[in-house]
Amino acid sequence: MNPTIGWIRDLAASWGVPAVLVPLVPFLLLLVALYALLGLAAYGARRRWPRADRTIAFWMFISPWLIGFAIFTVGPMISSIYVSLTSWDLITPPQFVGFANYTEAFQDPRVGQALKVTLLYGVISVPLQTALAFVVALLLNAELPGMRFFRTIWYLPSLVSGVAQMVLFLWVFNPQYGLANDVLAKVGIEGPGWFNDASWALPTVILMSLWTVGGAMVIYLAGLKDVPANLYEAAAIDGAGPLRMFWHVTMPQMSPIILFNALTGIIGSLQIFTQGFVANGGPKDSLLFFVYYLYDNAFQNFRMGYASALAWILFAVILALTTVTLRGSAFAVYYETELTTRRRKR
């Protein structure tokens, strides 16, 4: 423990602070200090710029989030950079080893397997989820009786937690008494081993991921409701049929939302963890997802420095794929605000 924090705790205990609240005292003092600095900065800004009241109020109102973000997100990220350069077992003091953890990661065959499994999952599951969610949203966009019920039914699975989903599908895809193989047996098909088979484990997880497309479906549905009706009316007057309307009206209007769902899907797929954890990596490391391997090194092998290096490698991969996707989207995504800006420039 940091000596300063220990001193503050001892001082708080000597002042009669309840034992339950003693661990919170250093954090509360830090908050008081931060808000004191923020108040002094606001006071100085108000004296220098008397008309900046709204700007100051804005920063004061979002300051709880900013402080929380700095302490609980930015702070741990910065500290993890240092930890990734050390050898630390969470018990003894960390020892600086430079880039040895990164060198080991690039030579570790299990890192290659984890990247292969994770990228393969993302490459297959994200397009399938994006397409299925969009198709379902198109079907549920029709103004027919009972549509609200079906929208709710499609959305409900996305509320189920990852562990509960995995436990459910371990039963559904059990090769001995699972529901899937029972249904296949009734039509004369011998079911595979699913999670127990190294060649079927990853396809099973991909198939399982399609059960939770309800979240993306709701976003697509909101976008479809926002497409101006006058665009369809103008296309109909010009003689466009349903397919032409879909391709030249619906798709351009929905392209930013498709990009958003694709990006969030890519980021989410590369951080998949629960399925690999519950399946313990799967047979022959077939479900050795990158985040699960990171967790295994951090909290099973107590190699926090190596795990931090793996986390930054994953961050670099996600950043690279996100950048490439955003750059490539410039040729396929339509933004009405950009068109308006171009017209004004002309």
Side-chain angles (χ1 to χ4, degrees), residues 76-77 80-90 94-130 162 166 169-170 173 192-209 262-328:
M77 286 183 67
S80 72
I81 296 175
Y82 169 72
V83 173
S84 71
L85 303 175
T86 66
S87 176
W88 186 30
D89 60 2
L90 298 176
Q95 297 179 352
F96 186 79
V97 295
F99 291 97
N101 288 324
Y102 292 93
T103 303
E104 181 183 350
F106 286 113
Q107 296 173 351
D108 187 351
R110 296 197 78 197
V111 170
Q113 173 66 11
L115 275 174
K116 173 188 171 183
V117 171
T118 306
L119 290 175
L120 192 60
Y121 171 80
V123 167
I124 299 175
S125 67
V126 173
L128 288 176
Q129 291 176 25
T130 304
M166 193 61 185
F169 280 96
L170 281 173
F173 292 115
W194 303 110
F195 288 111
N196 296 339
D197 187 341
S199 59
W200 273 93
L202 185 59
T204 305
V205 173
I206 293 171
L207 185 64
M208 171 183 147
S209 70
L263 279 176
T264 54
I266 290 170
I267 296 170
S269 67
L270 295 180
Q271 297 180 72
I272 182 174
F273 166 75
T274 306
Q275 289 81 347
F277 176 74
V278 176
N280 198 25
K284 299 180 181 179
D285 286 343
S286 56
L287 294 180
L288 185 68
F289 296 111
F290 199 90
V291 176
Y292 170 67
Y293 186 55
L294 185 159
Y295 165 86
D296 193 54
N297 277 281
F299 301 107
Q300 298 295 325
N301 302 329
F302 296 103
R303 302 187 64 197
M304 189 58 71
Y306 188 54
S308 297
L310 292 178
W312 280 102
I313 291 172
L314 179 62
F315 174 78
V317 171
I318 291 175
L319 182 63
L321 290 176
T322 303
T323 303
V324 170
T325 304
L326 283 174
R327 292 288 184 182

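All figures in this text were calculated on a predicted structure; none of them were measured in a lab. For the single chain, residues carry numbers from 1 onward in sequence order.
Listed by first and then second residue, the salt bridge (charged side-chain N to carboxylate O under 4.0 Å, His left out) pairs that reach into residues 95-119 are Glu104-Arg303, Arg110-Asp285, sequence neighbours excluded. Sorted by first then second residue, the salt bridge (charged side-chain N to carboxylate O under 4.0 Å, His left out) pairs that include residues 118-129, not counting sequence neighbours, number zero.
Considering only heavy atoms from C-beta on, Trp200 stays 4.5 Å or farther from Ser286 through its side chain. At a threshold of 4.5 Å between non-hydrogen side-chain atoms, the residues Phe289 and Leu202 count as touching. Leu270 has its side chain within reach of Leu119: a pair of non-hydrogen atoms, C-beta onward, lies under 4.5 Å apart. A heavy-atom distance below 4.5 Å is found between the side chains of Phe195 and Leu287. Counting only heavy atoms from C-beta outward, the side chains of Leu85 and Phe96 approach each other to under 4.5 Å. For the pair Val291 and Ile272, the minimum side-chain heavy-atom distance is 4.5 Å or more.
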Q | Derivation and outcome, side-chain contact (heavy atoms from CB on, under 4.5 Å), residues Phe290 and Ile313 | A | CA-CA 10 Å; Phe290 199 90; Ile313 291 172; 4.3 Å; yes

Q: Report the C-alpha separation of Gln271 and Ile318 in whole Å, then their side-chain angles, then the decisive distance to 0.1 Å, and conclude whether the side-chain contact (heavy atoms from CB on, under 4.5 Å) test is met.
A: CA-CA 9 Å; Gln271 297 180 72; Ile318 291 175; 4.0 Å; yes

Q: Show your working on side-chain contact (heavy atoms from CB on, under 4.5 Å) between Gln95 and Thr86 and close with a plain yes or no.
A: CA-CA 5 Å; Gln95 297 179 352; Thr86 66; 5.9 Å; no

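Not counting sequence neighbours, Asp296 has no partner by the salt bridge (Lys or Arg N to Asp or Glu O under 4.0 Å) test.
The CG atom of Leu326 sits 11.0 Å away from the CG atom of Leu321 when rounded to the nearest 0.5 Å. Here Leu128 contributes atom CG and Ile206 contributes atom CD1; the two are 7.5 Å apart, rounded to the nearest 0.5 Å. The CZ atom of Arg327 sits 13.0 Å away from atom OG1 of Thr322, with the distance rounded to the nearest 0.5 Å.
Residues Pro127 and Gly122 approach most closely at CD-O, 3.8 Å, considering heavy atoms. A pairwise comparison of heavy atoms in Ser125 and Ser209 identifies CB-OG, 3.9 Å as the closest pair. Ala262 approaches Val126 most closely through the heavy-atom pair O-CG1, 4.0 Å. Between Ile81 and Ser84, the shortest heavy-atom distance links the atoms O-OG, 2.6 Å. Taking all atoms of both residues into account, the shortest heavy-atom contact from Leu90 to Ala298 is CD1-O, 4.0 Å.
Using bins of under 30°, 30° to 60° and over 60° for the plane-to-plane angle, the ring pair Tyr306/Tyr293 lands in the perpendicular bin. Using cut-offs of 30° and 60° on the angle between ring planes, the pair Phe169 and Phe173 is parallel. Note on ring orientation: taking the six-membered ring where Trp is involved, the planes of Phe273 and Phe277 are parallel (angle under 30°, cut-offs 30° and 60°).
Tyr292 pairs with exactly one of Thr274, Asn280, Thr118, Asn297 by the side-chain hydrogen bond (donor to acceptor under 3.5 Å, both in side chains) rule, that one being Asn280.
Heavy atoms of other residues, nucleotides or ligands lying less than 6.0 angstrom from CZ of Phe99 number 12 at most.
Remark: side-chain polar atoms of Gln113 are not paired, donor with acceptor, to backbone N or O of Pro109 under 3.5 angstrom. With Ser80 contributing its side chain and Met77 its backbone, the two residues share a donor-acceptor pair below 3.5 Å.
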